[in-house]
Amino acid sequence: MFGIIDCNNFYASCERAFNPNLEGKPIVVLSNNDGCVIARSNEAKALGIEMGTPAFQIATYAQSQGLIAFSSNYTLYGDISERVVAAIASMVERYEVYSIDECFVDLSGYEKITADVYEYAWMIQQRIRRWTGIPVSIGVAPTKTLAKVANRRAKKNPLLGGIVVLKHESEIRRALDGFDIGDLWGIGRKYVNKLKALGCEDALHLSQQREEWVRKIMTVQGVRLLKELQGFSCIELELVPDRKKAICCAKSFGEYTDNRETVSEALANYAATCAKKLRKEGSIANMLTVFITTNYYSLVDAQYSATKTIHLDKATNYTPDMIHQALKALGLIWKDGFKFKKVGCIVSGLQPEEFRQAQLFTDIDWEKEQAAMKALDTVNGWYGRDKVKVAAQGYKRDWKMIQERLSPCYTTRWKDLLTVKCK
DNA sequence: TCTGGGGTCCTAGGACCC
DNA sequence: TCTGGGGTCCTAGGACCC
């Protein structure tokens with residue numbers, strides 16, 4: 001049996017866990033630059049606030065509805081996520097961290113502890129709540145896809161206590177009957193349109209289609225989905241996370257800009273971040289892509305966006321090289337006179353650093369570079385991010401994002417630790 | 001009339017996920 | 001005025017190899 005453990009309204013719940021005053025109140029967490037809503041408490045959902053709603057559209061809700069908004073605090077959410085995983089790992093042997101707020105678990109063998117898999121799921125749920133303050137929903141079923149279906153039911157119906165087990169064929173059938181195909185794992189908007197146009201209305205109906213029919217519309221991934229809905233597990237638990245195949249760092253500017261210096265400085269920082277993430281993965285990149293874009297929502301500004309990929313002479317994760325190449329790529333696509341909204345850097349063609357192709361004449365550089373990067377990462381690890389950096393990364397940060405409602409880093413910064421008063 | 005068989009690598013585009 | 005960021009997988013087509 002597969003279980004999927006999904007944190008309820010995760011970012012909103014993280015904010016709440018450290019600020020009990022927020023209990024029962026409508027809260028939302030905003031995207032970078034405080035742009036749009038990316039998480040909502042149940043109370044905020046009840047106000048009709050949709051995922052992705054632009055922040056300015058709900059600006060008056062603070063006054064009229066008592067809505068409280070937060071800038072996103074990924075340092076906090078990342079740390080809480082790790083704690084949730086630690087709680088899970090203390091209770092199951094095999095698990096797969098699927099996203100920042102979801103974890104698949106293998107629940108086979110629960111019989112040794114409890115008579116009933118529901119009860120075991122309940123124990124996991126309680127422990128996570130007690131250890132982290134985060135409420136979770138758990139769906140259990142014979143396949144990952146069905147576990148997702150079960151989880152959705154658990155979330156939809158508060159009376160179920162946040163846990164749904166789909167074990168017998170009749171239970172699965174009942175769950176799929178009337179289940180919107182758009183809510184299935186692996187079916188997005190395009191497929192919903194296609195399938196509905198062909199008369200496929202709910203998940204039960206889809207699960208009864210012929211394999212060839214599904215393959216024609218949704219290729220082989222659709223066939224896997226079909227099998228999973230029928231109870232044949234096709235998507236295994238991935239216990240060891242794969243090495244990343246690409247790493248991307250890109251952000252919108254707090255204030256749109258036509259200034260090349262500002263854009264270059266931002267890009268240098270994103271390239272440096274890519275290099276740092278590469279080193280953390282133990283990988284090197286063979287290609288680097290830079291893209292810039294204006295604000296495509298604007299009806300009045302002139303629009304321009306461009307992408308440039310550079311194949312590197314030698315695969316690397318050396319920050320100065322990365323920045324140098326990124327700025328070179330930017331130079332090839334830069335155009336004056338446009339108000340840019342976003343710049344970004346993607347490194348791809350990644351390979352493990354240990355399989356690096358040595359250079360015939362200049363290979364001595366590699367060891368020097370790695371030593372320098374090790375020193376850089378160590379110093380910054382001790383004294384804080386970017387304490388030591390490349391000059392091109394600048395210090396003005398004119399391009400920084402807007403985060404007006406940022407909560408403290410309760411668990412990762414000494415001065416942000418909560419003080420508890422005892423009476 | 002008839003013109004082999006079996007592969008790899010790369011890229012762009014489309015779909016999806018959280 | 002104001003609309004996020006970071007990923008994965010699959011397919012088709014072109015270019016190339018022996």
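Residue numbering restarts at 1 for every chain, and letters A, B, ... go by the order of the sequence lines.
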Does a sphere of radius 6.0 Å around [atom1] in [X] hold more than 12 heavy atoms from other residues, nucleotides or ligands, not counting ones at 6.0 Å or beyond?
X: A:Phe232; atom1: CZ; answer: no
X: A:Gln126; atom1: CD; answer: yes
X: A:Lys155; atom1: NZ; answer: yes

Verify the contact: side-chain N or O of [X] to OP1 or OP2 of [N], cut-off strictly under 4.0 Å; return yes or no.
X: A:Arg224; N: C:dC10; answer: yes
X: A:Thr219; N: B:dA15; answer: no
X: A:Lys245; N: C:dC9; answer: yes

Nearest to side-chain heavy atoms of [X], which nucleotide of [options]:
X: A:Tyr191; options: B:dA15, C:dT3, C:dG7; result: B:dA15
X: A:Trp185; options: C:dT11, C:dT3, B:dC17; result: B:dC17
X: A:Lys190; options: C:dG6, B:dC16, C:dG5; result: B:dC16
X: A:Lys342; options: C:dG4, C:dG5, C:dG7; result: C:dG5
X: A:Tyr98; options: B:dC18, C:dT3, C:dG4; result: B:dC18
X: A:Lys277; options: C:dT3, C:dT11, C:dG7; result: C:dG7
X: A:Gln221; options: C:dC9, B:dT11, C:dG4; result: C:dC9
X: A:Ile38; options: C:dT3, C:dG4, B:dC18; result: C:dG4
X: A:Pro54; options: B:dA15, B:dT11, C:dT3; result: C:dT3
X: A:Lys251; options: C:dG4, C:dG6, B:dC18; result: C:dG6

Touch class at under 4.0 angstrom, heavy-atom based, for [X] against every strand present:
X: A:Ile402; value: nothing
X: A:Lys341; value: sugar-phosphate
X: A:Ala250; value: sugar-phosphate
X: A:Ile247; value: sugar-phosphate
X: A:Glu102; value: sugar-phosphate

Item to complete: Fill in the dot-bracket string of DNA chain B, one character per base: . for unpaired, | for a pair to another strand, ( ) or [ ] for pairs within the strand, taking Watson-Crick or G-U pairs under 3.5 Å.
Response: ....||||||||||||||
Worksheet item: Can you check the A:Leu278 CG to C:dG6 C1' distance for me, whole Å?
Response: 14 Å
Practice prompt. Please report, rounded to the nearest Å, how far the C1' atom of C:dT8 is from the CG atom of A:Asp242.
Written response: 10 Å
Worksheet item: Is a donor on one side and an acceptor on the other found under 3.5 Å between the side chain of A:Asn9 and the backbone of A:Ala12?
Response: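 Not at all, since once roles are kept as given, no pair shorter than 3.5 Å links the two residues.
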Worksheet item: Just by modelled atom types, is the A:Lys244 backbone N or O under 3.5 Å from a matching donor or acceptor in the A:Glu281 side chain?
Response: yes
